[in-house]
Amino acid sequence: MRIATYNINGVKARLPRLLEWLDETRPKVACLQEIKSQDEGFPIAEFEKIGYQGIWHGQKSFNGVAILADGTAPVETQRGLPGDPEDEQSRYLEAEVDGVRIACIYLPNGNPLPGPKFDYKLAWMERLRARMKHLWDLEIPCAVVGDYNVIPEDKDVWSPKAMASDALMQPESRDAYNRLLGDGWTDAIGTRNPRGGVWTYWDYQAGAWQRDHGFRIDHLLLTPELADRLTAVGVDKEYRGREKASDHTPVWVEITAA
DNA sequence: ATGACTGCGAGGCGCAGA
């Protein structure tokens, strides 16, 4: 069972590329971020044509997350991140698929800093931690996957110096991420690539892709019940080099049957 | 190096329909 996450940067602009990736790699579950679409504009029929069902949580222009599943309907368990009734940004969607609980997250970027956007990021991360504690206490196979907008360590970025002032690698951002790992969650890509040097994002600007100037910000965090079933991890790097690509690339874990 | 690129909405514009 393959669980993948992919920040697609616009579901309409990315549709041909996205359908191609689903068709070629056939993940059981595909968690999408930055669909940048309102609920009524989500092209579910296109996914159904190739055998996927899905749920989505959109908003106009920005953000938006979706969970697609091959040949089965994800059963929604949570829409929106709990903990702040004032927060109207669509960044969290959670469902059950084949006995696995899966949360799809689009964590706030947090730039520029200091400022309200960075404060929002840190507050969102504390709310995420509370939700993840809830999931942890269920003692079930569970994955919280998506665009975390955190570069965990210096080995996860092409140049720590170039990115030093960015919200993605501030000590506060890293501390909040490390608290999740400290709670027991397994960073699947990180633990399987201890030397680092694995990127999931390359900026559109300054020839970052051609120079391999990337970093790792798309993560899959697993409970022990799921980490025990982990057989492989991967980054579908070549999709970043295709025509009209997203600036992120798909990342996945392979899990054995229960 | 205050750069670089992209997607989307607003809005302009052309066009179809009333």
Side-chain angles (χ1 to χ4, degrees), chain A residues 4-22 30-47 52 54-68 79-80 87-93 104-118 120-121 124 145-151 156-170 198-218 235-251:
Chain A
T5 177
Y6 191 4
N7 180 321
I8 56 173
N9 188 18
V11 70
K12 296 184 195 82
R14 208 68 55 220
L15 195 56
R17 196 82 315 137
L18 182 55
L19 292 169
E20 177 182 84
W21 168 70
L22 289 168
C31 294
L32 310 177
Q33 302 87 37
E34 283 206 89
I35 63 174
K36 294 186 173 180
S37 164
Q38 298 184 86
D39 282 342
E40 52 270 33
F42 189 78
I44 186 61
E46 299 298 317
F47 300 118
Y52 280 87
I55 58 173
W56 56 96
H57 186 206
Q59 72 178 83
K60 197 191 233 182
S61 304
F62 307 109
N63 310 322
V65 286
I67 300 174
L68 305 179
R79 171 169 298 238
D87 185 2
E88 297 189 338
Q89 299 189 29
S90 298
R91 297 176 174 275
Y92 187 97
L93 189 60
C104 174
I105 75 162
Y106 176 47
L107 205 147
N109 172 292
N111 284 303
L113 75 110
K117 291 189 172 181
F118 191 60
Y120 174 65
K121 175 180 192 147
W124 204 95
V145 311
D147 180 356
Y148 278 73
N149 268 316
V150 174
I151 297 168
D156 298 313
V157 57
W158 66 279
S159 168
K161 192 180 168 193
M163 293 292 291
S165 61
D166 198 284
L168 275 52
M169 54 176 278
Q170 291 311 296
V198 174
W199 319 142
T200 67
Y201 170 93
W202 296 257
D203 202 288
Y204 287 126
Q205 303 183 63
W209 168 249
Q210 289 77 9
R211 297 173 175 183
D212 201 27
H213 288 180
F215 36 87
R216 187 171 74 93
I217 51 175
D218 299 276
V235 179
D236 291 336
K237 185 174 177 179
E238 62 133 322
Y239 288 85
R240 179 61 182 84
R242 295 195 185 183
E243 281 292 305
K244 294 278 284 178
S246 170
D247 41 7
H248 295 250
T249 201
V251 186

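Chain letters run A, B, ... following the sequence lines, proteins first, then strands; residues in each count from 1.
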Within the pair A:Lys12 and B:dT6, is there a side-chain N or O less than 4.0 Å away from OP1 or OP2? no
Atom pair distance, as rounded to whole Å: NE2 in A:His213 and P in B:dC5: 16 Å
Answer yes or no: does a side-chain N or O of A:Lys244 lie under 4.0 Å from OP1 or OP2 of B:dG7? yes
Among B:dC5, B:dG9, B:dG7, which is the nearest nucleotide to the side chain of A:Asn9? B:dG7
Minimum-distance nucleotide (side-chain atoms of A:Arg14 versus B:dA4, B:dG7, B:dG9): B:dG7
Take atom CD of A:Gln38 and atom C1' of B:dG9, then tell me their distance rounded to the nearest Å. 10 Å
Provide, to the nearest angstrom, the distance between the CG atom belonging to A:Asn109 and the P atom belonging to B:dG7. 18 Å
Measure the distance from CZ on A:Phe62 to C1' on B:dG7 and round it to the nearest whole Å. 10 Å
Nearest-angstrom distance from the residue atom CG of A:Asn63 to P of B:dG7: 17 Å
Option among A:Phe42, A:Trp56, A:Trp21 that satisfies the ring pair (Phe, Tyr, Trp, His ring centres under 6.0 Å) test with A:Phe47: A:Phe42
Spacing of A:Lys36 atom NZ relative to B:dG9 atom P, expressed in whole Å: 10 Å
Is A:Phe62 atom CZ crowded by more than 12 heavy atoms from other residues, nucleotides or ligands, each under 6.0 Å away? no
Counting side-chain heavy atoms from C-beta on, which of B:dA4, B:dG7, B:dG9 comes nearest to A:Ala206? B:dA4
Do A:Ser90 side-chain atoms and A:Gly58 backbone N/O form a donor-acceptor pair below 3.5 Å? yes
Please determine whether the number of non-hydrogen atoms from other residues, nucleotides or ligands lying under 6.0 Å from atom CD of A:Gln210 exceeds 12. yes
Mind calculating the distance between CZ (A:Arg211) and P (B:dA4) to the nearest angstrom? 14 Å
Can you measure A:His248 atom NE2 to B:dT6 atom C1' for me and round it to whole angstrom units? 12 Å
Tell me, with the steps shown, if A:Asn9 and A:Lys36 meet side-chain hydrogen bond (donor to acceptor under 3.5 Å, both in side chains). CA-CA 7 Å; A:Asn9 188 18; A:Lys36 294 186 173 180; 2.8 Å; yes
Which of the following nucleotides, B:dA4, B:dG9, B:dC8, is nearest to the side chain of A:Gln205? B:dA4
